[in-house]
Number of protein chains: 2
Amino acid sequence: MTDQSLFDQAFMESPALSRKERERLMRRQAMLEAARAVFAEKGYVDATLDEIAQRAEFGKGTLYNYFPGGKDELFFAVFEEIFAQFRQLIETSFAGAPSFREGFEAFLRASFQFFEQHRDMLLLVTRESQRMLVSPDPERAAFFQHHHTAFLQLLTRHIQAAIERGEVRPLPAEAVAHTILGNLHGLAMHRLLKECAVGKPDHHLGTTEEATRFLSTLLLEGLLNRTQSSEAP
Amino acid sequence: MTDQSLFDQAFMESPALSRKERERLMRRQAMLEAARAVFAEKGYVDATLDEIAQRAEFGKGTLYNYFPGGKDELFFAVFEEIFAQFRQLIETSFAGAPSFREGFEAFLRASFQFFEQHRDMLLLVTRESQRMLVSPDPERAAFFQHHHTAFLQLLTRHIQAAIERGEVRPLPAEAVAHTILGNLHGLAMHRLLKECAVGKPDHHLGTTEEATRFLSTLLLEGLLNRTQSSEAP
DNA sequence: TCACTAAATGACTGATCAGTCACTTTTCGA
DNA sequence: TCGAAAAGTGACTGATCAGTCATTTAGTGA
């Protein structure tokens with residue numbers, strides 16, 4: 001999956017586009033890239049259209065030719081891209097896996113890689129996504145809740161199937177899905193903060209592989225040490 | 001622990017306060033309550049000092065007598081209270097517990113109760129705390145990272161001890177602490193969102209006790225079903 | 001080359017709001 | 001009771017910025 005899957009997709013699926021239309025698409029994409037960078041750096045509120053326009057090398061008015069809905073439309077469009085990529089990542093990871101465990105580990109690995117490659121997106125999601133879920137603006141809240149629910153459903157399906165196959169404990173699947181997403185995001189942030197604070201990656205979780213194994217062990221096997229009797233306190 | 005532990009504490013530890021000083025403390029507290037309510041409802045950016053002042057039944061200028069640092073000082077003071085209560089909750093839960101498992105379950109139970117009693121705080125933390133951790137304003141980021149680290153250290157101590165006693169797998173303790181906090185917050189939000197969206201609590205996680213057992217099982221025992229061979233994929 | 005259209009532009013407008021301060025009200029000791 | 005000091009107040013100021021629109025520029029076909 002590339003950085004620009006939605007863009008490529010639009011490009012590929014309509015090879016009959018005129019030069020003008022292709023150019024328009026390119027410009028739109030440039031604006032989106034600029035918006036993503038500025039939103040990631042400043043957050044929704046502190047990002048200004050002037051800065052986005054400047055970064056995209058267009059006048060502010062031009063943004064409105066491409067995104068008539070203004071700041072909000074730009075913002076939603078940025079997230080639409082991120083979310084589409086992540087949905088695809090979930091599906092790809094579990095697709096060919098022979099067991100839940102293997103699908104799950106593939107999913108963790110792909111996610112950590114994804115966040116590592118796209119720090120700006122991780123920051124953006126951290127800064128805004130949670131916050132928007134409980135936004136007082138109903139349109140914003142609805143947009144984010146819709147996508148959030150979509151992730152949950154994708155994961156929930158795989159978990160439910162694993163429960164029915166007896167691979168996974170009979171726990172409420174949706175809550176498990178929610179927990180997994182929370183862990184993933186939390187651990188990715190932990191690694192990022194550690195790296196920023198200390199200047200180098202976390203001792204034990206520096207590599208994608210270490211992070212994957214940690215979360216896989218923790219979630220699949222649990223915290224309790226099973227080498228000793230699990231009955232004695 | 002009450003809603004006003006810090007306040008009470010200040011009250012109790014200095015019984016020698018004059019009436020004037022006590023009145024001043026009362027007014028300060030009223031402003032903090034108002035600020036918490038407005039910040040929780042609107043979020044940091046959309047909350048206005050005018051509304052806080054109105055809600056506290058003071059003029060805007062008076063706020064500056066009590067919080068010369070303005071909006072930021074009010075905001076920090078609100079979080080200072082929340083964070084102090086939560087630190088106390090961690091310590092109390094693990095204090096008398098005979099095993100990590102029991103301390104951990106007490107901690108989960110107390111946390112869910114705490115968040116249920118203080119929805120506004122949960123919303124506030126969700127909306128702002130994560131976001132502030134990566135704020136471009138260094139003072140804000142430092143404040144939140146300081147408290148975040150304090151939580152982690154408290155939990156990490158208990159986890160490390162449990163690992164050394166052989167109760168818990170030898171995983172990196174700090175990352176485990178981070179994960180636990182993320183899960184707790186995530187699940188509390190999941191329950192709150194479910195209740196808001198559907199109009200009634202989640203089927204399987206409606207009560208504090210169910211939520212506690214769910215997270216306790218998931219984190220302590222893991223997802224994998226151990227009633228069948230754990231070797232066969 | 002010209003004229004016409006579509007696209008680009010950025011100065012401007014109006015709304016918002018944190019923070020200020022000159023003024024009013026209250027408190028309290030003398 | 002009085003007057004000085006402390007506390008309270010809210011209209012005002014300056015800064016910010018999303019969104020607009022009259023004007024300029026580029027593209028195109030005759």
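Below, read A as the first sequence line, B as the second, and so on, with proteins coming before strands; counting in each chain starts at 1. None of the values given here were measured: they were computed from a predicted structure.
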>> Under a plain distance cut-off of 3.5 Å, with no hydrogens placed, do A:His118 and A:Gln113 share a side-chain donor-acceptor pair?
In response: no
> Under 6.0 Å between ring centres, would you say that holds for B:Phe83 and B:Phe151?
Replying inline: yes
> Counting distance only, does the side-chain N/O of A:Arg109 pair as donor-acceptor with the main-chain N or O of A:Glu209 below 3.5 Å?
Replying inline: no
> Looking only at atom types and distance, does a side-chain atom of B:Arg55 sit under 3.5 Å from a main-chain N or O of B:Ala37, one as donor and one as acceptor?
Replying inline: no
>> Counting C-beta onward and ignoring hydrogens, is there a side-chain heavy-atom pair between B:Phe39 and B:Ile52 closer than 4.5 Å?
In response: yes
> A:Leu63 CG to D:dC21 C1': how many Å, rounded?
Replying inline: 15 Å
>> Testing the 3.5 Å rule here: is there a donor-acceptor pair between the side chains of B:Gln29 and B:Glu81?
In response: yes
> Ring centres of A:Phe143 and A:His147 under 6.0 Å apart?
Replying inline: yes
>> A side-chain contact here means heavy atoms from C-beta on lying under 4.5 Å apart; do B:Tyr64 and B:Leu49 qualify?
In response: yes
> Between residues 64-72 of chain B and DNA chain C, which residues have a heavy-atom gap below 4.0 Å?
Replying inline: B:Tyr64, B:Gly70, B:Lys71
> Going by heavy atoms closer than 4.0 Å, what residues in residues 123-141 of chain A are next to DNA chain D?
Replying inline: none
> How about A:Phe79 and A:Phe144: are their ring centroids closer than 6.0 Å?
Replying inline: yes
>> A quick test of your reading: do over 12 heavy atoms of other residues, nucleotides or ligands sit less than 6.0 Å from CD of A:Gln54?
In response: no
> Atom CD of B:Glu23 and atom C1' of D:dA6: how far apart are they, to the nearest Å?
Replying inline: 13 Å
> Between B:His178 and B:His148, does the ring centroid distance fall short of 6.0 Å?
Replying inline: yes
>> I need the residues from residues 45-60 of chain A with at least one non-hydrogen atom less than 4.0 Å from DNA chain C; give them sorted by number, or say none.
In response: A:Phe58, A:Gly59, A:Lys60
> Once you build an axis from the first five pairs and another from the last five of the helix from C:dT1-D:dA30 to C:dA30-D:dT1, how far apart in angle are they, to 10 degrees?
Replying inline: 10°
> Is a side-chain N or O of A:Lys194 found less than 3.5 angstrom from the main chain of A:His203, in a donor-acceptor match?
Replying inline: no
> Looking at B:Phe112, is B:Arg191 sitting on its ring face, NZ or CZ under 6.0 Å from the six-membered ring centre and within 45 degrees of the normal?
Replying inline: yes
> Do any N or O atoms from the side chain of B:Thr62 and from the backbone of B:Phe58 form a donor-acceptor pair under 3.5 angstrom?
Replying inline: no
> Any luck finding a side-chain donor-acceptor pair between A:Glu91 and A:His158 under 3.5 Å?
Replying inline: yes
Protein-nucleotides 25-29 of chain D N/O pairs under 3.5 Å:
from   : atom 1 : to      : atom 2 : distance (Å)
D:dT28 : OP1    : A:Arg19 : NH2    : 2.8

>> Test side-chain contact (heavy atoms from CB on, under 4.5 Å) on A:Ile180 and A:Ile159; report intermediate values, then the result.
In response: CA-CA 11 Å; A:Ile180 289 171; A:Ile159 293 162; 3.9 Å; yes
> Which nucleotide span of DNA chain C, 5' end to 3' end, has atoms closer than 4.0 Å to non-hydrogen atoms of chain B?
Replying inline: C:dC17 to C:dC28
> Would you call B:Glu21 and B:Arg24 a salt bridge, using N to O less than 4.0 angstrom?
Replying inline: no
> Judged by atom type as modelled, is there a donor-acceptor pair below 3.5 Å linking the side chain of A:Glu210 to the main-chain atoms of A:Thr207?
Replying inline: yes
>> Can you see if the side chain of B:Arg27 gets near the phosphate of D:dA7 - specifically, an N or O under 4.0 Å from OP1 or OP2?
In response: no
